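Beneath this line is the structure, given in structure tokens, with notes to follow.
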Amino acid sequence: MIPLPTGTATGPHDAAFLPRRELSPRPAEQPITAPVPKLGGEPCWLAEPTWPLDPSTGEPLVFIGQFPVPGEPGRLAYLFLDEEDEIMGGLDPERGDGLLLVQPGGRIPPFAVIGPPGTRGRTLWRCEPDGERTPVEYHLDVVPLSDGVDRAMDQRAAFQRYLRDEGPEVPFPDGDHAHDHLGGDPSYPNGRARVPAPWQYLFGLSDAPDDGDPYFLNFGYGNGFGFLSPDGLEGRFFWEAP
């Protein structure tokens, strides 16, 4: 079950979509061509292909994956990141080197640079022991979290609200954390989102920078975060490390 809009979120520290769901990667046995949550492979466009470029270099960004946009009609949010010397773009959510594009009917962010028709860049890959990069593709199964993990993530979000002087004092959180997830009350490595209200939290994505990881994403041992505008038509993304 995909989370549904709560209709009560006013900014990036609120739960815009509930219930919180884990995004569990599963290797694809064949190319995924349906508009389903996934990492890697080719974008399953729901409108005209819109491959973005890095504003600084003009090079096509790397397609990381696609994520469901809760609500009707069914939309997808496509994540593209720059990669240079194995460091991902997206530290600044409005620099244009990390983009979350929404289709169908979505708005292109004003700072985005879109390539001409036919533009196509690299996709998510795995680092091999010999240094080769092998393209990969994974289903992202949307599954319930255990009650304990879900409760621990709510506790972490409540503790960060307390640190921001936005809620009552609560104990320091203890428990597991599902880094790859959709919806729920968010928490961030440094306690605050890098996007202002009224942007609304959509997903969290952990990095995978080490040899032996199933795919390569370098967020400095941190996490990436996707956001939507209140109407669900425009996206933002940033990552940060503790």
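It should be emphasised that the depicted structure is a prediction, and the values quoted were computed from it without experimental measurement.
Residue Val113 is not grouped with residue Trp51 when hydrophobic side chains (ILVMFWY) are merged at heavy-atom distances under 4.5 angstrom, including chains of intermediate members. Note: the hydrophobic cluster containing Leu182 also contains Val69 (ILVMFWY, side chain heavy atoms under 4.5 Å, direct or indirect links). A single hydrophobic cluster is not seen to contain both Tyr78 and Val62; linkage of ILVMFWY side chains at heavy-atom distances under 4.5 Å, directly or through other members, places them apart. Cluster membership for Val142 and Met153, using ILVMFWY side-chain heavy atoms within less than 4.5 angstrom, is not shared. Under a hydrophobic-cluster definition in which Ile, Leu, Val, Met, Phe, Trp and Tyr are linked whenever side-chain heavy atoms come within less than 4.5 Å, directly or via other members, Leu23 and Phe227 are assigned to different clusters.
Put simply, CZ on Arg192 and OG on Ser187 are 14.0 Å apart, with the number rounded to the nearest 0.5 Å. Rounding to the nearest 0.5 Å places CG of Leu228 at 9.5 Å from CZ of Arg75. If you take CD1 on Ile64 and CD on Gln66, they are separated by 12.5 Å, rounding to the nearest 0.5 Å. Rounded to the nearest 0.5 angstrom, Phe80 CZ and Leu101 CG are separated by 6.0 Å. Thr6 OG1 to Leu4 CG: the interatomic distance, rounded to the nearest 0.5 Å, is 10.0 Å. Here the CD-CD distance, from Gln160 to Gln155, works out to 13.0 Å after rounding to the nearest 0.5 Å.
Screening residues 5-39 for ring-ring contact (aromatic ring centres under 6.0 Å, His included), with sequence neighbours left out, gives His13-Tyr188. Screening residues 215-224 for side-chain hydrogen bond (donor to acceptor under 3.5 Å, both in side chains) gives His179-Asn223, Asp210-Tyr221 as the qualifying pairs, with residues at least two apart or on separate chains.
Using modelled atom types, one side-chain atom of Ser229 and one backbone atom of Glu234 make a donor-acceptor pair closer than 3.5 Å. Side chain of Asp185 to main chain of Asp154: no donor-acceptor pair is present (N/O by atom type, distance under 3.5 Å, no hydrogens or angles). A donor-acceptor pair is defined here as one N or O able to donate and one able to accept, closer than 3.5 Å; no such pair exists between the side chain of Asp150 and the backbone of Ser146. Side chain of Arg161 to main chain of Pro168: no donor-acceptor pair is present (N/O by atom type, distance under 3.5 Å, no hydrogens or angles). In terms of modelled atom types and a separation under 3.5 Å, the side chain of Asn190 and the main chain of Ala241 share a donor-acceptor contact. Under the 3.5 Å distance criterion, the side-chain polar atoms of Thr50 are matched with a main-chain donor or acceptor of Glu48. Side chain of Asp85 to main chain of Ile87: no donor-acceptor pair is present (N/O by atom type, distance under 3.5 Å, no hydrogens or angles). For Glu169 (side chain) and Tyr162 (main-chain N/O), no donor-acceptor pair under 3.5 Å exists by modelled atom type. A donor-acceptor contact shorter than 3.5 Å links the side chain of Gln200 to the backbone of Ala9.
Within 6.0 Å of CZ in Arg164 there are more than 12 heavy atoms belonging to other residues, nucleotides or ligands. Within 6.0 Å of the CD atom in Glu29, the count of heavy atoms belonging to other residues, nucleotides or ligands does not exceed 12. The neighbour count for Asp130 CG, taken as heavy atoms of other residues, nucleotides or ligands under 6.0 Å away, is above 12. Around the CG atom of Asp141, the shell of radius 6.0 Å holds more than 12 heavy atoms that belong to other residues, nucleotides or ligands.
Side-chain contact check for Trp239 versus Asp207: every heavy-atom pair is 4.5 Å or farther apart. The shortest distance between side-chain heavy atoms of Trp125 and Glu83 falls below 4.5 Å. Proximity of Cys44 to Lys38: side-chain heavy atoms (C-beta onward) are separated by under 4.5 Å at one or more points. Looking only at side-chain heavy atoms (C-beta outward), Leu217 and Leu205 come within less than 4.5 Å of each other. In this structure the side chain of Leu39 reaches within 4.5 angstrom of the side chain of Leu140, judged on heavy atoms. Looking only at side-chain heavy atoms (C-beta outward), His139 and Pro25 stay at 4.5 Å or farther from each other. Leu76 has its side chain out of reach of Gln103: every pair of non-hydrogen atoms, C-beta onward, lies at least 4.5 Å apart. Looking at Arg236 and Leu100, their side chains never come closer than 4.5 Å, going by heavy atoms from C-beta outward.
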Problem - Full working for salt bridge (charged side-chain N to carboxylate O under 4.0 Å, His left out) between Asp92 and Arg194 - result: CA-CA 8 Å; Asp92 181 342; Arg194 293 187 180 181; over 6 Å; no
**Q.** ring pair (Phe, Tyr, Trp, His ring centres under 6.0 Å) assessment of Phe225 paired with Phe238
**A.** CA-CA 6 Å; Phe225 304 96; Phe238 76 84; 5.5 Å; yes
Problem set entry | Glu42 vs Ile32, side chain to side chain contact (heavy atoms under 4.5 Å, CB included): CA-CA, chis, key distance, verdict | CA-CA 8 Å; Glu42 294 294 321; Ile32 300 170; over 6 Å; no
message: Go through it in stages, so that I can follow the logic: the residues are Phe237 and Leu81, the test is side chain to side chain contact (heavy atoms under 4.5 Å, CB included), and I'd like the CA-CA distance, side-chain angles, deciding distance and then a yes or no.
response: CA-CA 9 Å; Phe237 176 86; Leu81 300 177; 3.6 Å; yes
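Ring geometry for Phe159 against Phe172 counts as perpendicular: the plane angle is over 60°, on a 0 to 90° scale with 30° as the lower cut. Classified by interplanar angle (parallel below 30°, tilted 30° to 60°, perpendicular above 60°), the ring pair His177/His181 is perpendicular.
Residue Asp180 comes nearest to Ser206 through the heavy atom pair OD1-N, 2.6 Å, listed as atom of the first residue, atom of the second, then distance. Residues Thr119 and Pro60 approach most closely at CG2-CG, 4.0 Å, considering heavy atoms. Considering all non-hydrogen atoms of both residues, Leu145 and Glu22 come closest at CD1-N, 3.0 Å. Taking every heavy atom of both residues into account, Glu137 and Pro31 meet most closely at OE1-CA, 3.4 Å. Across Pro55 and Arg95, no two heavy atoms sit closer than the pair CG-O, 3.5 Å. Pro209 and Phe216 get closest at one heavy-atom pair: O-CE1, 3.7 Å.
In this model, a donor atom of one side chain and an acceptor atom of the other lie less than 3.5 Å apart for Glu128 and Thr134.
Shown here are the ring pair (Phe, Tyr, Trp, His ring centres under 6.0 Å) partners of Trp199, two or more places apart in sequence or in another chain: there are none.
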